[in-house]
Structures are given as structure tokens and as C-alpha cells.
Asks: 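Input: one structure, supplied below.
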Amino acid sequence: MKGRYVALDIPVYDDDPGDYADEILENLRYKQFSLKAAGISSRVYNNWRSQGIVPNVEEDGKRTYFDFIQYLWIQIVKDLRKFGLPLGAIASVKDYLFDEDFMAKIELSDWDRDELKKGFEKAHGRPMTGEELKDIEERLKLGNTFLPYRFTLIVLVHFQHRSDTNIYIFAEGGVAVWSDLDQIHQPENKPDLSAPHINLPLGHYFAQFLSDETKAEFLPKVPILTREEQEVLRAMRNDEVKELTIKFSKKGSKRRADLITKVDKQLSDKQKKDIAQILGTRDYSTITMKTQNGTQLTFEEAQRTRL
């Protein structure tokens with residue numbers, strides 16, 4: 001069996017996801033999206049900026065560029081406007097997600113402390129003392145450029161662990177973020193979803209980004225996919241897929257039948273969108289792809305997190 005891979009200038013996270021935070025952030029914060037690429041006009045952008053809806057961005061002369069985190073927020077704002085959410089309410093959500101002092105308000109869980117200790121001891125090759133842990137906790141609460149906003153941390157955790165993440169906006173104005181990683185490590189803090197709310201699943205925006213062929217040029221600096229997943233996406237866009245088999249985990253409540261797609265000519269737009277959604281959320285167990293020229297590629301889901 002021949003294996004083909006594309007060369008991407010992004011890390012592949014097959015090891016402990018905590019080892020790659022620096023690389024992920026470097027790519028997430030790379031300024032590459034113009035107003036046109038983000039899908040808004042300069043008039044709309046200037047209005048939103050005057051209303052406090054968009055965070056501060058760098059401008060190159062007369063041109064404005066967003067990083068991927070800011071790009072995601074722009075897509076969220078466009079949807080919130082479709083829902084009819086007032087600009088003032090959207091500005092409040094922005095203030096929550098782009099709060100520069102958010103770390104000072106966070107109380108680390110036992111799991112967070114264990115992760116800090118693991119990272120320290122792996123880097124230094126010795127046990128971590130209680131004083132050293134306390135010092136790191138205090139320094140984390142200070143404003144920093146590593147994690148400048150709450151939304152930065154939310155997106156970083158998704159890419160480190162591929163956890164399904166949802167942002168909930170409640171009718172009374174509250175905002176809550178919840179992921180399956182939170183469900184594992186702090187289920188007691190799950191927000192009360194019985195109250196009326198808008199649910200913004202981040203996986204939707206990642207899949208939307210992957211499904212948009214006009215965004216292909218930006219993929220090398222956005223660590224959404226591994227090399228193998230990128231190859232599937234590339235083959236779909238070039239209509240090179242002959243057969244694609246996606247097997248899903250048989251564990252838990254989300255049991256799904258395997259998806260076996262045999263292609264006569266080319267995948268439909270709906271099939272491409274569905275497969276992009278699966279790739280973007282890494283909601284699969286194994287993928288096998290056969291291409292028109294006889295190449296076959298088989299790979300398993302990369303481990304989300306070490307429990």
C-alpha cells in the first residue's frame with residue numbers, strides 16, 4: 001500500500017497535546033485574514049469596531065488583518081446578527097470572550113494542577129515542589145501575551161484535545177462555555193441549559209472553514225487537520241476520491257453506523273460538507289481512502305487527551 005502525505009508547515013499532535021501549545025498558538029495568531037477573507041465590508045467592520053464588537057487588530061497601512069481566533073469571532077458575530085441579537089448584547093459577549101484579565105478570575109482545578117505538574121516535571125526532569133506550583137499559579141493569573149484572551153484559551157484547548165466546545169448565550173445576558181473535556185474533569189460546573197439560550201458549537205465554524213474552498217490557502221497556518229486529514233480534504237476538493245470509509249466509535253451513547261462512500265464521478269456538495277464536519281471535529285475512529293489513481297490511505301483518530 002502506498003502512502004501519500006502533503007507537507008504542511010504545522011505540527012501534528014500525536015503525542016501529549018500539552019507539548020505543542022506554543023506551536024498551536026503561533027499558528028492561531030498568525031495575521032493572514034483580510035476583511036474580504038473574513039467576509040465583511042470595511043463599512044460593517046468600522047461600525048462594529050465603533051460599537052466595541054471586534055477586538056483590537058493590527059493594520060498594515062490601509063489594510064486590516066485578523067488572526068484565526070479573531071476570524072472565528074467575526075463568523076460568530078455574523079450569525080448572532082442573523083439571530084437578531086442587538087449590537088450591545090454582542091458587545092457584552094465579546095467583552096467576556098476577549099477579557100484580558102480572565103486568568104485572574106480562574107480557580108485552577110485539581111486536574112489543572114496535575115497537568116501543570118506533569119508539564120513542569122517533564123521539562124525539568126525532577127519533581128515539582130509546592131512552592132513552585134504556587135508560584136506558577138500566581139504568574140498565570142497575571143496578564144500575558146501567551147494567553148491574551150479567554151477565547152484564545154478556548155480555541156487552544158480545542159486544538160490540543162479536539163474537545164467538542166459550545167458557547168452558550170443566555171436570554172438574561174450570561175455567557176458560558178462548555179466542552180466534553182469539562183464534562184470529564186469538572187461535571188459539577190456544567191451550566192444550567194434549561195433556560196433559553198443560543199448555542200454556538202465551535203465545531204460548526206471549523207467545519208464551515210474547511211468546507212469553504214476559498215479558504216484553502218489559509219490552511220497551512222491553521223492547525224485544524226493532521227497531515228492525513230488534510231490529504232482527505234485535498235483529494236475531495238480535487239475529485240480524486242474513489243472510495244471513502246469512515247468508521248465511528250461503538251462506545252458510549254453516540255453510536256453511528258459506518259459511512260462507506262463509493263464515488264462514481266465526484267462527491268456531492270453535501271457529502272463534502274458532512275465529511276469536512278467529521279474531519280473538523282475528529283468525530284471518527286478510522287478513515288480509509290482509496291483514490292482514483294490507486295493510492296490508499298488508512299489512519300486512526302489521533303488521541304484527544306491522556307486520561
Side-chain angles (χ1 to χ4, degrees), residues 1-30 32-33 37 67-69 71-72 155-165 202-249 258-261 263 266-267 271-306:
M1 179 178 69
K2 295 187 293 182
R4 289 174 53 221
Y5 301 93
V6 293
L8 296 178
D9 186 24
I10 60 174
V12 179
Y13 315 110
D14 296 326
D15 204 349
D16 188 334
D19 293 342
Y20 302 100
D22 288 339
E23 292 94 328
I24 298 173
L25 280 174
E26 181 181 354
N27 285 283
L28 290 178
R29 297 171 61 188
Y30 180 71
Q32 60 178 331
F33 297 96
D67 61 27
F68 186 67
I69 293 170
Y71 168 88
L72 280 179
V155 178
L156 172 64
V157 169
H158 169 83
F159 283 118
Q160 281 184 288
H161 302 281
R162 286 296 179 96
S163 55
D164 294 329
T165 305
L202 285 188
H204 161 78
Y205 294 97
F206 301 136
Q208 187 181 64
F209 179 80
L210 292 174
S211 300
D212 187 350
E213 295 191 13
T214 67
K215 301 297 185 294
E217 64 180 288
F218 302 108
L219 275 175
K221 282 294 183 180
V222 179
I224 293 182
L225 303 180
T226 63
R227 286 193 297 264
E228 295 89 346
E229 292 166 343
Q230 174 74 10
E231 178 69 359
V232 172
L233 185 66
R234 187 205 61 78
M236 286 198 307
R237 287 178 171 170
N238 293 340
D239 295 324
E240 296 176 356
V241 176
K242 182 177 182 180
E243 184 175 326
L244 189 66
T245 301
I246 302 178
K247 295 185 178 181
F248 300 97
S249 173
D258 295 340
L259 177 65
I260 302 176
T261 304
V263 184
Q266 63 186 46
L267 294 167
Q271 287 174 316
K272 291 179 180 180
K273 184 176 181 180
D274 290 344
I275 294 168
Q277 173 81 31
I278 293 168
L279 293 175
T281 59
R282 198 166 283 174
D283 181 22
Y284 64 87
S285 176
T286 305
I287 292 181
T288 298
M289 178 181 70
K290 297 178 181 178
T291 64
Q292 300 290 350
N293 64 7
T295 299
Q296 180 169 316
L297 176 66
T298 299
F299 57 95
E300 296 180 350
E301 173 204 15
Q303 191 169 3
R304 291 189 180 192
T305 184
R306 297 182 183 275

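Given the structure is predicted, the values throughout are model-derived calculations rather than measurements.
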Asks: Taking all atoms of both residues into account, what is the closest heavy-atom pair of Ile278 and Phe248, and its distance?
Replies: CD1-CZ, 3.8 Å
Asks: Could I get the full list of side chain to side chain contact (heavy atoms under 4.5 Å, CB included) partners for Lys247, not counting sequence neighbours?
Replies: Thr245, Asp258, Thr286
Asks: Has the side chain of Gln292 got a donor or acceptor atom that lies under 3.5 Å from a matching backbone atom of Val241?
Replies: yes
Asks: Side chains of Leu233 and Leu219, heavy atoms from C-beta outward: is any pair under 4.5 Å?
Replies: yes
Asks: Sequence neighbours left out, what passes ring pair (Phe, Tyr, Trp, His ring centres under 6.0 Å) with Phe218? Give chain and number order.
Replies: Phe33
Asks: Roughly how far apart are Leu156 CG and Leu25 CG, rounded to 0.5 Å?
Replies: 4.5 Å
Asks: Is the shortest heavy-atom distance from the side chain of Ile287 to the side chain of Leu279 under 4.5 Å?
Replies: yes
Asks: What pairs with Lys215 under side-chain hydrogen bond (donor to acceptor under 3.5 Å, both in side chains), at least two apart in sequence or on another chain?
Replies: Asp212
Asks: Can you measure from CG (Leu244) to OG1 (Thr261) and round to the nearest 0.5 angstrom?
Replies: 5.5 Å
Asks: Testing the basics here: between Lys221 and Tyr30, what is the closest heavy-atom pair and its distance to 0.1 Å?
Replies: CG-CD2, 3.6 Å
Asks: Check Thr288 against Gln296 and note the closest heavy-atom contact, atom names and distance.
Replies: CG2-NE2, 3.9 Å
Asks: What's the shortest heavy-atom distance between Ile260 and Glu243, and which atoms?
Replies: CG2-OE2, 4.4 Å
Asks: How long is the gap from CZ on Arg227 to CG on Leu297, to the nearest 0.5 Å?
Replies: 11.0 Å
Asks: Would you check, one step at a time, whether the test side chain to side chain contact (heavy atoms under 4.5 Å, CB included) holds for Thr165 with Val157?
Replies: CA-CA 9 Å; Thr165 305; Val157 169; 5.9 Å; no
Asks: Roughly how far apart are Met289 CE and Ile246 CD1, rounded to 0.5 Å?
Replies: 11.0 Å
Asks: How long is the gap from CG on Leu72 to CZ on Phe209, to the nearest 0.5 Å?
Replies: 8.5 Å
Asks: What distance do Gln266 atom CD and Asp239 atom CG have between them, rounded to the nearest 0.5 Å?
Replies: 4.0 Å
Asks: Is the shortest heavy-atom distance from the side chain of Arg237 to the side chain of Lys272 under 4.5 Å?
Replies: no
Asks: Could you tell me which residues satisfy ring pair (Phe, Tyr, Trp, His ring centres under 6.0 Å) with His158, sequence neighbours excluded, listed by chain and number?
Replies: Phe206
Asks: side-chain hydrogen bond (donor to acceptor under 3.5 Å, both in side chains) with Asp67: which residues, sequence neighbours excluded?
Replies: none
Asks: I would like to know whether Tyr284 and Glu229 meet side chain to side chain contact (heavy atoms under 4.5 Å, CB included); could you show each step before the answer?
Replies: CA-CA 11 Å; Tyr284 64 87; Glu229 292 166 343; 2.6 Å; yes
Asks: Return the set of residues passing side-chain hydrogen bond (donor to acceptor under 3.5 Å, both in side chains) with Glu213 (not counting sequence neighbours), or none when no residue passes.
Replies: none
Asks: Could you tell me which non-hydrogen atom of Lys273 sits nearest to which non-hydrogen atom of Ser211, and how far apart they are?
Replies: CA-OG, 3.8 Å
Asks: Measure across Val222 and Gln32 and return the closest heavy-atom pair with its distance rounded to 0.1 Å.
Replies: CG2-NE2, 3.6 Å
